[in-house]
Enquirer: 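Submitted below is the structure of interest, expressed as structure tokens.
Numbering of ligands and ligand atoms starts at 1, following listing order. The shown structure was predicted, so the numbers you read here are calculated from the model rather than taken from an experiment.
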Amino acid sequence: MAIRNIVYEGDPVLAKKCRPVTDFNPRLHQLLDDMKETLAKADGAGLAAPQVGVLRACAVVMLEDGSYMEIVNPTIEAASGTQEGPEGCLSVPGRFGIVMRPNKVKVRAQDRNGEFFEYEAEGFTARAFCHEIDHLGGHLFTELVTEYIDPDEYYAETEEQ
Ligand code: CO
């Protein structure tokens, strides 16, 4: 495994649509292993392949128990409810903004061996799936921000309520 370099906002790779993964081979497994290691080191909630400069439709998302789920060729099959909350991105360091997302999503994806599965997520995890799947379409959360915030102030105010 190896740490990969994360690319930042302004890099054209982040604005391109990923190609589907068609070969579930050791190269894909290496990429996913490296992405998990890179995500763990960066202490993030999710990482998409374009963020390490690879235009293939796969991502890693942290689940509520702290484990990582690999999603290959993911799609959102169903979404319900809404949530408004702070969001950030390892490719947009230091900037956090309020983004509206569905509260629940059903994701359909393949695993690293090409097996299809479905997963239902809600709350912060649903937000993370939406954010990472947006990356695969060449979209950043900054396109959806209604207001930029200081996360320390935001969470301090939330705790006071
Ligand atoms: Co991101």
Enquirer: Determine whether the aromatic ring centres of His131 and His135 lie less than 6.0 Å apart.
Expert: yes
Enquirer: Does one side chain, of Ser91 or Glu9, offer a donor that lies under 3.5 Å from an acceptor on the other?
Expert: no
Enquirer: With ILVMFWY side chains joined below 4.5 Å, transitively, what does Val107's cluster contain besides itself?
Expert: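 Members other than Val107 - counting any ILVMFWY side chain reachable under 4.5 Å - are Val61, Leu63, Met69, Ile71, Ile76, Val105, Phe117, Tyr119, Phe129, Ile133.
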Enquirer: Not counting sequence neighbours, which residues clear side chain to side chain contact (heavy atoms under 4.5 Å, CB included) with Glu115? List them please.
Expert: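 Once residues adjacent in sequence are excluded, the partners of Glu115 under the side chain to side chain contact (heavy atoms under 4.5 Å, CB included) criterion are Asp111.
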Enquirer: Output, by chain and residue number, all protein N/O/S atoms separated from the Co ion (ligand 1) by less than 2.8 Å.
Expert: Cys89 SG, His131 NE2, His135 NE2
Enquirer: Taking side chain to side chain contact (heavy atoms under 4.5 Å, CB included) as the test, write out the residues that go with Val145, two or more places apart.
Expert: Val99, Phe141, Tyr148
Enquirer: With side chains defined as the heavy atoms from C-beta onward, is the minimum distance between Val52 and Asp34 less than 4.5 Å?
Expert: no
